[in-house]
There are 2 protein chains.
Amino acid sequence: MAGTLRDMRLFVAAYEERSFTAAARREHATQSGVSQHIRNLEDALGVSLFAREKGHVLPTPAGESYYARAVEVLRAHEAATSAARLHAGGLEGKIVVGLMPTLTRLALAPTLARFVQHHPNLVVSIVEGYSASLTAQALAGELDFAIVPAFSGSPGLRSRLFVRTQEVLVSSPGAPYLHARPVRLRDLDRLKLVVPSPANTRRHLIEAYVGSNGVKVERMIELDAMLGTLDFVARTEWSAVLPAVMLEPEETRYTVAPIVDPTFTLDLVQIEPSRRTLSSAAEAFRTVLAQETSRLAAPWAALTMVDAV
Amino acid sequence: MAGTLRDMRLFVAAYEERSFTAAARREHATQSGVSQHIRNLEDALGVSLFAREKGHVLPTPAGESYYARAVEVLRAHEAATSAARLHAGGLEGKIVVGLMPTLTRLALAPTLARFVQHHPNLVVSIVEGYSASLTAQALAGELDFAIVPAFSGSPGLRSRLFVRTQEVLVSSPGAPYLHARPVRLRDLDRLKLVVPSPANTRRHLIEAYVGSNGVKVERMIELDAMLGTLDFVARTEWSAVLPAVMLEPEETRYTVAPIVDPTFTLDLVQIEPSRRTLSSAAEAFRTVLAQETSRLAAPWAALTMVDAV
DNA sequence: CCCGTCGATCAGGAAATCAGATGCCCCATG
DNA sequence: CATGGGGCATCTGATTTCCTGATCGACGGG
């Protein structure tokens, strides 16, 4: 194919300057080099591009025509270069992170927004799932890490505390307790609870709390769909026990109250394949996610300092 | 600056094939070469473009972004190349030709049309003028050649017959003779003639013909503007003696008749600086111009075979 | 467990690139 | 008319780049 980018740059300079010597000055080359490059172009194209006249050169019709397109090429090349450079600066590679709906509902968006801005060339893949499937995928080495509720541990997985958050009771706006004020579950009669299936770690934590604190539960239904659970409690007299980081104090569709006396907290842990060490990209993502999650957890934790009603 | 065209071609191939090896096959290179070129790009851009995975490579976000622009660059480069190649094939350089209005009125357009099509990279410059100025410019070496009425010759100029054409009498449609039939000037009374100034060779030729053939001229005015002359005779009872190649038999604004008994012809000669040899480009132009001029002259010459009225 | 594939890297030779010197042409100047 | 200078082409040698073939390590399929 005809013409390298350097050929074209020198040609464009010569066209605009109407002089090989001036073009050489402008492009930090020598007159000889310009002459050679333009001869290359002319040979490759089979057309002369300049008429060599006294004291200057004059573009031929072919030169005029080629110039118009050559500047396009150079422009496009600069655009390509700077577009790619926009992605420079951050970490590179790919991370795959497993998250529960608990974290994807609110914490994920601001985390991703900040993270991809700082690491534009890093491919981030989020796998949403419940504790059971995330644990399995982490064991299979398909995830850099995952965030799940604290559990007894598993060989092949390393775990460390990620964030501790309140459990809150979520009901429709007409619920018999106050929004954003601590609530004692045993004070509530005829509690109808939506709970996850036994495959989910949190089901056991909820049953343990209920059983050991004299909470009177009238009915339970199992629902492993987080969006469905939220919609269901918003429209009925059913309630759910959910991690606080899923909800903002400003929610209007729900009555949300941190569960106290005793305080019911959930420890979220980070798990990763123990044979691997966390990549620095995954480490960076974990840090941002932890910041955003803690930010969401903080107001609810503060509310437990207030007296229950 | 970052990235040569070859870098980009190999990158694009690798992007599309998702494989360095396949890209090398497609671009007639080696796997090693592709690897090196893409490393070059990545170093120059400061960004990794591919994530190297098992059995294939996967573009990073930067790779995706760069690809979109890189294909633009390659497209633009191909467009530039083929645009320039359109100008290949014919002669190159520049010719400057001096022509009288006699030839520019009808013969020039078809000549140029044919000529520039066959010689797209040749710059053609036409200088319009009357015999005096064209001769001067030819002598000064400013013209490759010029076409002028035959004259006595001048040192420094070489001349050869170009085309012989009829002189015709041109009047308004109401003239007292028939269009496209031979006319005898001495049969016409009260001829009012528009003639060129004495600086123009044809003035002498006309006066010589008129004087030696008993033509009765009532009045003469000098007009060195050819367009003005045509318009003037179309609107008045004045007439002009003009070379036939300026007029087509289908003219409707004029009554045009070849002058016979004796036949009045004009020899157009080609003059060129005698110190130079005619460039092949000029030679080619002369040939096309002669063809077109002869084509215009032919029907008028044929008419002189018919009896005068 | 071996073999085939893929990408990275290295080393050597081929090719392109560059810079300086020189020649030529033309113009301006005196 | 001689001369000097500017501009381009061309030659040449040195440097750099480019390409290829070989080899290595990693991984996956049979």
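Sequence lines set the chain letters: A, B, ... in the order given, protein chains first and strands last, and positions in each chain run from 1. As the structure is a prediction and not an experimental result, all values here were calculated from the model.
Evaluation of atom-type donor-acceptor distances gives a pair under 3.5 Å for the side chain of B/S32 against the base of D/dG21.
Following rounding to the nearest Å, B/Q31 (CD) and D/dA26 (P) show an atom-to-atom distance of 16 Å. One atom, CG of B/L58, and another, P of C/dC6, lie 16 Å apart when rounded to the nearest Å. In this structure, the NE2 atom of B/H28 is 18 Å from the C1' atom of D/dC18, given to the nearest Å. Protein atom CG of A/L5 is 16 Å distant from nucleotide atom P of D/dT17, rounded to whole Å. When rounded to the nearest whole Å, the span between CG of A/D43 and P of C/dA16 equals 13 Å.
Checking B/K54 against A/Q36, the closest nucleotide of DNA chain C that is more toward the 5' end is the one next to B/K54.
At the phosphate of C/dA16, neither OP1 nor OP2 sits under 4.0 Å from any side-chain N or O atom of A/H37. OP1 or OP2 of D/dT10 sits under 4.0 Å from a side-chain N or O of A/R39.
Using a 4.0 Å heavy-atom cutoff across all strands shown, B/G33 reaches at least one base atom of the nucleic acid. Nucleic acid contact class of B/V34 (heavy atoms, under 4.0 Å, all strands): none. Among the protein residues, A/N40 comes within range of the sugar-phosphate backbone only, with heavy atoms under 4.0 Å from sugar or phosphate atoms but none that close to a base.
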